[in-house]
Amino acid sequence: MNNKFYITTPIYYVNDKPHIGHAYTTILADVLARYHKTAGDEVFFLTGLDEHGQKVQQAAQKRGLSAQAHCDDLAPRFIQLWEKLEIKYDDFIRTTQERHIKVVQAVLQKVYESGDIYLHEYEGWYSVAEERFITETEKESGAFRDVKPLKERNWFFKMSKYQQTLIDYINDNPSFIQPVHRRNEILGFLKQPLGDLCISRPKARMDWGIELPFDKEYVTYVWFDALINYITAPGYLSDDEKFKKWWPADVHLLGKDILTTHSVYWTTMLFSLALPLPKTIFAHGWWLIGETKMSKSLGNVVNPLDLVDQYGVDAVRYYLMREMVLGQDANFTLESFIKRYNSDLANDFGNLLNRVSGLVGKYFEGVVAEEGQVNEPELAIQKQAGALDAKVRQLVDELRINEAIEETLQLVRAANKYLEYQAPWKVAKESLPQAGTILYTAMEALRISAVLLAPVMPAKTATVLDVLGATDSAPRWGELKSGTKLKTHDALFPRLEVKE
RNA sequence: CGCGGGAUAGAGCAGCCAGGUAGCUCGUCAGGCUCAUAACCUGAAGGUCAACGGUUCAAAUCCGUUUCCCGCAACCA
């Protein structure tokens, strides 16, 4: 069952500080990477920064810095945020790194030599204010001032050449673009004739980029540069063995805003290079913030990242993963955060730990009893817990993280219910061994839940497993050792009180 | 008629592909328990499954029309 799993986030554009969108994608990738590691897969998790292009140059100018200095200043902010969010990537790529520049130039040369790049005089509407070409539709929208027709010689990539190949590929590989409605969008988009892609920018206009190897007057268009990061990192043209091992990527995770670039630009580039396409491109939705119905009593927290300091990284990771449905958008409100925190983490998960550790402390001097004689109710819990690992794994494979979490919480709820019915605090007065069996069963359910929630909440689940003396245990029934002395602990997720 | 997605209890979602008592979480109300973080457990109320029409013994589910919401419409990372 040991497969390789190569997952990527987009490399983030450093024209601004990291925000919730960056954080969400990266946490999601981290959670998927951790689930796959737990399942025994060999994992390569790549993230990084996209540092070239006009917007970066402008942002740098505005701050009175050189473009590189600007990037060097922003990069640590991303890296530090990832540390704070418990993100464990395997490689962090920056497009200004030598290793990347080399590969981009080699790719350009290769594609150029294959005849897929040509020089062409482009004429279009140029927005002086925006310093870029705009489309006909944009021009008609009237949102751009100082629009004038402009002619410019540029290098173009023959994207149109691969249009039919791409359409066929998407049709033959249903899981290539997900979710399904995004796939349909792309197929719809491809019904119209595909133009070629302008991949150069004249240095006279914009020089912060990778110089074209075959024309020193131009730098590479930032997307053509950026997308190549996915093959630079696993060793394309630098480490054949490594590259062979990891490519193609299993999942490119991205926001819905950059689906076209990935599913059209990137794939046609790969066709031109004769490289296999990534197995899945998954476009997730956005977090909508600022729903004005936010309750006044809850204060005015707007940035979810601020919640990390206040409520802990695990709670925030849990919330983001649990609340976002598949490829849809989700609303962020402090109210829903607190609800989710209290109902799932404090009342169900954290409280279950308190219940069992309290009872074990009271009746067994804090020592885990023998599992002993099991009956129907115990077997029911065992069955549910035993099936959970496979179920969660399948949901994770389908990228349905929120459902995987919900499925795990069902076991936590079942364990709480089981305790209620079996009432070990009563049974202990008549039969201590039987009470021990009940507590063992509940603790096993808790332990397995913790193991399966570990990718989402690495820190808090580590605490639970530490209390149970079961660090590094597998989500299989029976790994909790009787005779273990439970460690003392504080409330895992203290309930949040909401002032009226 | 540019292409596509959606409309299911107060809220957020599942169910639709392979028609057959409408389900989950939160919230509300009542009760229980008292080991626990005023928690946990049980029960109840609450839905003409957007509207209209069609197919069928049977439609949230398949087909058509209408209304409303949303996404995409490329060189903007």
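Letters A, B, ... mirror the listed sequences (proteins, then strands); counts begin at 1.
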Item checked: 5′-ward residue of the pair A/Y13/A/G358 relative to RNA chain B ->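 Upstream on the strand: A/G358.
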
Notebook entry, point to check: Toward the 5' end of RNA chain B, which comes first, A/E406 or A/G195, by nearest nucleotide?
Noted result: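 Counting from the 5' end, the first nearest nucleotide belongs to A/E406.
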
For [X], answer base if it contacts any base atom (sugar-phosphate contacts may also be present), sugar-phosphate if it contacts only those atoms, and nothing otherwise; contact means non-hydrogen atoms under 4.0 Å.
X: A/A346; result: base
X: A/I186; result: nothing
X: A/D344; result: nothing
X: A/E323; result: nothing
X: A/G350; result: base
X: A/Y12; result: nothing

Pairwise [atom1] distance for [N] and [M], with rounding to whole Å:
N: B/A14; M: B/A7; atom1: C1'; result: 15 Å
N: B/G20; M: B/A60; atom1: P; result: 10 Å
N: B/U65; M: B/G4; atom1: P; result: 13 Å
N: B/C33; M: B/G43; atom1: C1'; result: 14 Å
N: B/G5; M: B/G15; atom1: P; result: 16 Å
N: B/G53; M: B/G12; atom1: P; result: 28 Å
N: B/G19; M: B/U66; atom1: C1'; result: 24 Å
N: B/G23; M: B/A58; atom1: P; result: 23 Å

Next item on the list: Look at the side chain of A/E420 and the base of B/G32, then say whether one donor and one acceptor between them are separated by less than 3.5 Å.
Entry: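 Answer yes: a donor N or O sits under 3.5 Å from an acceptor.
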
Check: Strictly by modelled atom types, are A/Y118 and A/D196 linked by a side-chain donor-acceptor pair under 3.5 Å?
Finding: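 The answer is yes; a qualifying pair exists.
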
Note to self: Under a 3.5 Å threshold, yes or no: a donor from one side chain and an acceptor from the other, between A/S357 and A/H489?
What the structure shows: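 Short answer, yes.
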
Identify the nucleotide, in any strand shown, that forms a Watson-Crick or G-U wobble pair with [N], with both distances under 3.5 Å; if there is none, say none.
N: B/C17; value: none
N: B/A44; value: B/U28
N: B/U56; value: none
N: B/C68; value: B/G6
N: B/C76; value: none
N: B/C49; value: none

[X] side-chain proximity, nearest of [options]:
X: A/Y221; options: B/C40, B/U37, B/C76; answer: B/C76
X: A/Q192; options: B/G5, B/C40, B/A73; answer: B/A73
X: A/L492; options: B/C33, B/U37, B/C75; answer: B/U37
X: A/K426; options: B/U34, B/C40, B/U25; answer: B/U34
X: A/N351; options: B/C33, B/C26, B/U37; answer: B/U37
X: A/Y265; options: B/G27, B/A74, B/C40; answer: B/A74
X: A/K417; options: B/C24, B/U34, B/U42; answer: B/U42
X: A/R182; options: B/U37, B/C75, B/G71; answer: B/G71
X: A/F189; options: B/U37, B/C76, B/A73; answer: B/A73
X: A/T260; options: B/U25, B/C35, B/A73; answer: B/A73

Checklist line | Aromatic plane relationship, A/F337 with A/Y311 - under 30° parallel, 30 to 60° tilted, over 60° perpendicular | finding: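 Ring orientation of A/Y311 relative to A/F337: tilted.
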
Checklist line | A/T25, A/T9, A/T8 screened by side chain to side chain donor-acceptor pair (under 3.5 Å) with A/T47, the one that passes | finding: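 Filter result, single survivor: A/T9.
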
Next item on the list: Kindly indicate whether a cation-pi arrangement holds for A/K460 with A/F493, taking the cut-offs as under 6.0 Å to the six-membered ring centre and within 45° of the axis.
Entry: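 A/K460 over A/F493 ring: yes.
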
Gap between atoms [atom1] and [atom2], on [X] and [N] respectively (whole Å):
X: A/H284; N: B/G5; atom1: NE2; atom2: C1'; answer: 18 Å
X: A/W266; N: B/A74; atom1: CH2; atom2: C1'; answer: 18 Å
X: A/L496; N: B/A38; atom1: CG; atom2: P; answer: 12 Å
X: A/E403; N: B/C24; atom1: CD; atom2: P; answer: 15 Å
X: A/D225; N: B/C76; atom1: CG; atom2: P; answer: 14 Å
X: A/Q422; N: B/C40; atom1: CD; atom2: P; answer: 19 Å
X: A/N416; N: B/U42; atom1: CG; atom2: C1'; answer: 14 Å
X: A/N184; N: B/G6; atom1: CG; atom2: C1'; answer: 13 Å

Check: Does a side-chain N or O from A/N347 land closer than 4.0 Å to OP1 or OP2 of B/C40, or not?
Finding: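 So the side chain of A/N347 is within the cut-off, an N or O lying under 4.0 Å from OP1 or OP2 of B/C40.
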
Note to self: It should be established whether A/R201 places a side-chain nitrogen or oxygen under 4.0 Å from OP1 or OP2 of nucleotide B/C76.
What the structure shows: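 Answer yes for this pair, as a side-chain N or O of A/R201 is under 4.0 Å from OP1 or OP2.
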
Item checked: Crowding at NZ, A/K391 (>12 non-hydrogen neighbours, <6.0 Å) ->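 No - once you tally the heavy atoms of other residues, nucleotides and ligands closer than 6.0 Å, there are 12 at most.
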
Checklist line | A/Q68 CD: over 12 foreign heavy atoms closer than 6.0 Å | finding: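 Yes, CD of A/Q68 has more than 12 neighbouring heavy atoms, counting only those of other groups under 6.0 Å.
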
Checklist line | Residue pair A/P424 / A/Y363, side-chain heavy-atom distance below 4.5 Å | finding: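 In short, these two side chains do not touch, never coming nearer than 4.5 Å.
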
Note to self: Using side-chain hydrogen bond (donor to acceptor under 3.5 Å, both in side chains), reason through A/H120 and A/W155 one step at a time and then give a plain yes or no.
What the structure shows: CA-CA 6 Å; A/H120 176 69; A/W155 292 92; over 6 Å; no

